[in-house]
Amino acid sequence: MAELKIFNSLTRQKEIFTPLTPGYVGMYVCGPTVYSDVHLGNCRTFISFDIIYRYLKYLGYKVRYVRNITDAGHLEGDRDEGDDKFSKKARLEQLEPMEIVQRYTLGFHKVMELFNTLPPTIEPTATGHISEQIEMVKHILANGYAYVVDGTVYFDVEKYNKEKPYGILTNRKLEDLLEGTRALGGQDEKRGRLDFALWIKAKPEHLMQWPSPWGMGFPGWHIECSAMSSKYLGKVFDIHGGGMDLAATHHTNEIAQSQACYHVSPARYWMHTNMLTVNGARMSKSAGNGFLPGELFTGNHKLLERAYLPMTVRFFMLQTHYRSTLDFSNEALQAAEKGLKRLWEAYEALEKTDLSSIVDNEDTIDEALDNNCRELMAGFDEAMNDDFNTARVLANMFELVPVINSIKGGQIALGSIRKGTLELLQKQFRVYLLDIFGLKDERGNEGGVLDGVIDLLIQIRREARSRKDFATSDKIRNELLRQGIALKDEKNGSITWSFN
RNA sequence: GGUGUCGUGGUCGAGCGGUAAGGCGCAGCUCUGCAAAAGCUGUUACACUGGUUCAAUUCCAGUCGGCACCUCCA
C-alpha cells in the first residue's frame, strides 16, 4: 500500500501521514454554530471531511471523528464585546436559547443526512462541556498566560508570543498582526490588542450563563474546541480540520491555548478546506450571497434556474480538490448532473454484468486493454493517497466508462478482459462510488415500484414496433419522456429505462 | 499595508521538470423505423517578462490581474 500524503497547513507542504498510534486516527473538525441554517459553504467543508473520514476507514484505520456543535459563546461582534449569537436570536424570536440550538441542530443533521455524510463518532456540544472549559481556563491562568479583568479572562497573546510563535499556523509575525488590528479603545480592558477572551463575564440579562471561579459568565468561542478535542482525542492528536477561514483566528488561538495549558501543539496535521464562491466571491453569511441547501433542492432561489439533487451537489464538489476554491453556478451544476448520470448508469450496467460464466482464454485477451483498465484502477488509490485527490479518481473512472458501456453494447467482447480485472472493476466502482465518495441512488424508485409498470409499457411498445405500429411505440416513448422517464434501445435488442 | 493563494482550451476543472487528465458543450460518423442512449473521431489551452536547466506549464525572480485571510462566518 502506498503511503497517504496530507497537505499540512502548519508546514505548508504535503507530508506522509503517520498516525500517533498505529492503526488509529483521531480527527477533530470544527462544526457549525447552530444559531441559523447551515449554508452550502459550510456543507462543503463537512462533505470534504466526510470523504476524508471514509477514505481513512477504507485504508483500515479505526477513526475517532469528533465534530463539535457550537451552541454557546459565539459572539456577534468582534472584540469580545458583542451579543452572544444565541441570546440575540433567542430574544429576537422569543424563544429559549436552547430552542434555537435544538432547531438548527436538527436542521443541520437533516441536511447532512441528505448529503449522505456519515455522522461523526462523537458530536460534543459546548454547553455540555462547560466544566471542562473552566478547568482549562484555570490551567492557563495558573500557567501565567491569562489574566482576569472584572470577571472576564483574557489570553495574553504578547506574553505567549515571547515563548512560542503565535502566528505559526498562518505564517504571520506578531508585529504584522498588530499592524492589521485596530487600536485599543480607551474603555478597552484588554492589555493587548490581540488578546482574546477565554471566559466572558455575563451581563445580568444574558440568557446563557454559568457559575465560574470568576463569577457568572460563558466561555469564549475558541476554548470549546481545545477543551473537547483534548478530552476525546488527547492533548495531542492526529488531524484537526476546518474551513480555511478558521485558520487565522480560531485555530491559531486553539494552538495557543493548548500550548499555554498543556505545553503541546494539539494537532499534528492541520487540514483546511477552501471556500465555496459565487461569482468569484466567497459565499458567506454576512455577505448575504449564501445558498441554503433547501433552496438548492427546491430551486427556490433567484440565482438558481431549477432544483438540484443533493447527490449532484456532492458530485460537483468531488470534481474539485478540497483545497481549491469552488465556484457555484447553474452551468457547473448542470454539467455535474449530466456527468454523474453517465457515471452512475455505467456503474449500474457494470453491477448487472454477470461474470460468473467467464473463463479466461489467453487467445482472446486484449492485453493492452486489460492493462489499461488495471492501471486506471490502480490510479484510484494513488490519487486519493496524494492528499485526497478525488478529481483525479473521477477522471480515471470516466475513462473506464466507455469500456463498461462497450462491454454492455457488445463493442468489446467479455473475453477480451480477464475475469479478475472485471471483478476488480466491479469492486472498485462499488467501493469508490458508494463507500468512499458516499454517492447513492436518488432516482426515487424506492423498492422498485416502477419496475413492473415500465416493463409492461416496454412490452407493449415492443409488440407495436414488431407490427411497425410506430405511432403507438412513439407515443409510449414520448409520453414516458414527458414524465421524466427515458427508454433506451440497447445494442443487444433489450430496452432499458432511466429517469431523465 | 501584512500573510497567503490562484491565473490551464468554448466552459468547469486535474496535473506540475521531459511538450497537457477528465466532465460539460460543440461537430462528424456508426447503430436505429425515427430518435434517445451508447460507441468511435475531432475540438488551435498552461497571464506576461526574465533566469536556472539538456529540457519549464511545472523551479526561481519580477510584472499584471483575481481571490482569501489579517474583524463574525466552514
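Protein chains get the first letters and strands the later ones, always in sequence-line order, with residue 1 at the start of each. Bear in mind the structure is a predicted one, so any value in this text is a computation, not a measurement.
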Aromatic centroids of Phe115(A) and Phe297(A) separated by under 6.0 Å: yes
Do Phe380(A) and Tyr432(A) have their ring centres less than 6.0 Å from each other? yes
Check this for me: does the side-chain of [X] come within 3.5 Å of the base of [N] through a donor and an acceptor?
X         : N       : result
Asn396(A) : rG22(B) : no
Asp245(A) : rA68(B) : no
Arg342(A) : rC24(B) : no

What does [N] pair with, Watson-Crick or G-U, if both distances are under 3.5 Å?
N       : answer
rU19(B) : none
rA45(B) : none
rU3(B)  : rA68(B)
rG50(B) : rC60(B)
rG33(B) : none

Do [Y] and [X] meet the salt-bridge criterion of a basic N to acidic O distance under 4.0 Å?
X         : Y         : answer
Asp37(A)  : Lys110(A) : no
Glu15(A)  : Lys5(A)   : no
Lys190(A) : Asp156(A) : no

[N] to [M] separation - [atom1] atoms, rounded to the nearest Å:
N       : M       : atom1 : result
rC72(B) : rG13(B) : P     : 29 Å
rG25(B) : rC59(B) : P     : 33 Å
rU8(B)  : rG22(B) : C1'   : 14 Å
rU30(B) : rA35(B) : P     : 11 Å
rC29(B) : rG23(B) : C1'   : 23 Å
rG9(B)  : rA20(B) : C1'   : 11 Å
rA47(B) : rC6(B)  : P     : 12 Å
rG1(B)  : rG42(B) : P     : 49 Å

Nearest-nucleotide pick for [X], side chain only, options being [options]:
X         : options                   : value
Phe470(A) : rA36(B), rC72(B), rG33(B) : rG33(B)
Ser473(A) : rA14(B), rG33(B), rC34(B) : rG33(B)
Ala335(A) : rA37(B), rG23(B), rA14(B) : rG23(B)
Gln411(A) : rA74(B), rC34(B), rA38(B) : rA38(B)
Arg477(A) : rA38(B), rC34(B), rC40(B) : rC34(B)
Ala391(A) : rG23(B), rA14(B), rA74(B) : rA14(B)
Glu399(A) : rA74(B), rC70(B), rA21(B) : rA21(B)

Distance below 4.0 Å between [X] side-chain N/O and [N] OP1 or OP2:
X         : N       : result
Asn389(A) : rA14(B) : no
Ser324(A) : rA14(B) : yes
Lys341(A) : rA37(B) : no
Asn42(A)  : rA74(B) : yes

Base, sugar-phosphate, or nothing: which does [X] touch, judged by heavy atoms less than 4.0 Å apart?
X         : value
Glu331(A) : nothing
Ser284(A) : base
Ala248(A) : sugar-phosphate
Lys338(A) : sugar-phosphate
Met283(A) : base
His321(A) : sugar-phosphate
Asn405(A) : sugar-phosphate
Gly31(A)  : sugar-phosphate
Leu276(A) : base
Gly41(A)  : base

Using centres under 5.5 Å plus planes under 30 degrees as the test, is Phe398(A) stacked with rG23(B)? no
Taking the six-membered ring for Trp, are [X] and [Y] parallel (under 30°), tilted (30 to 60°) or perpendicular (over 60°)?
X         : Y         : result
Phe398(A) : Phe315(A) : perpendicular
His240(A) : Tyr28(A)  : tilted
Phe499(A) : Trp497(A) : perpendicular

All N/O pairs under 3.5 Å across the protein-nucleotides 2-6 of chain B interface:
residue, atom, partner, partner atom, Å
rG2(B), O2', Asp176(A), OD2, 3.1
rG2(B), N2, Arg172(A), NE, 3.3
rG2(B), N2, Arg172(A), NH2, 2.8
rU3(B), O3', Asn171(A), O, 3.3
rU3(B), O3', Asn171(A), ND2, 3.4
rU3(B), O2', Thr170(A), O, 2.8
rG4(B), OP1, Asn171(A), ND2, 2.0

Check step by step if side chain to side chain donor-acceptor pair (under 3.5 Å) holds for Glu224(A) and Asn68(A). CA-CA 9 Å; Glu224(A) 61 166 288; Asn68(A) 66 298; 3.0 Å; yes
Between the main-chain N or O of Phe7(A) and the side-chain N or O of Arg323(A), is there a donor-acceptor pair closer than 3.5 Å? no
How many whole angstroms separate atom CZ of Phe316(A) from atom C1' of rU11(B)? 12 Å
Provide, to the nearest angstrom, the distance between the OH atom belonging to Tyr35(A) and the C1' atom belonging to rA74(B). 12 Å
Select from Val401(A) and Ser329(A) the residue whose nearest nucleotide in RNA chain B is closer to the 5' end of that strand. Ser329(A)
Using heavy-atom distances to pick each residue's nearest nucleotide on RNA chain B, tell me which of His39(A) and Leu340(A) is more 5'. Leu340(A)
Got a second to check how far Cys225(A)'s SG is from Gln133(A)'s CD, nearest 0.5 Å? 9.0 Å
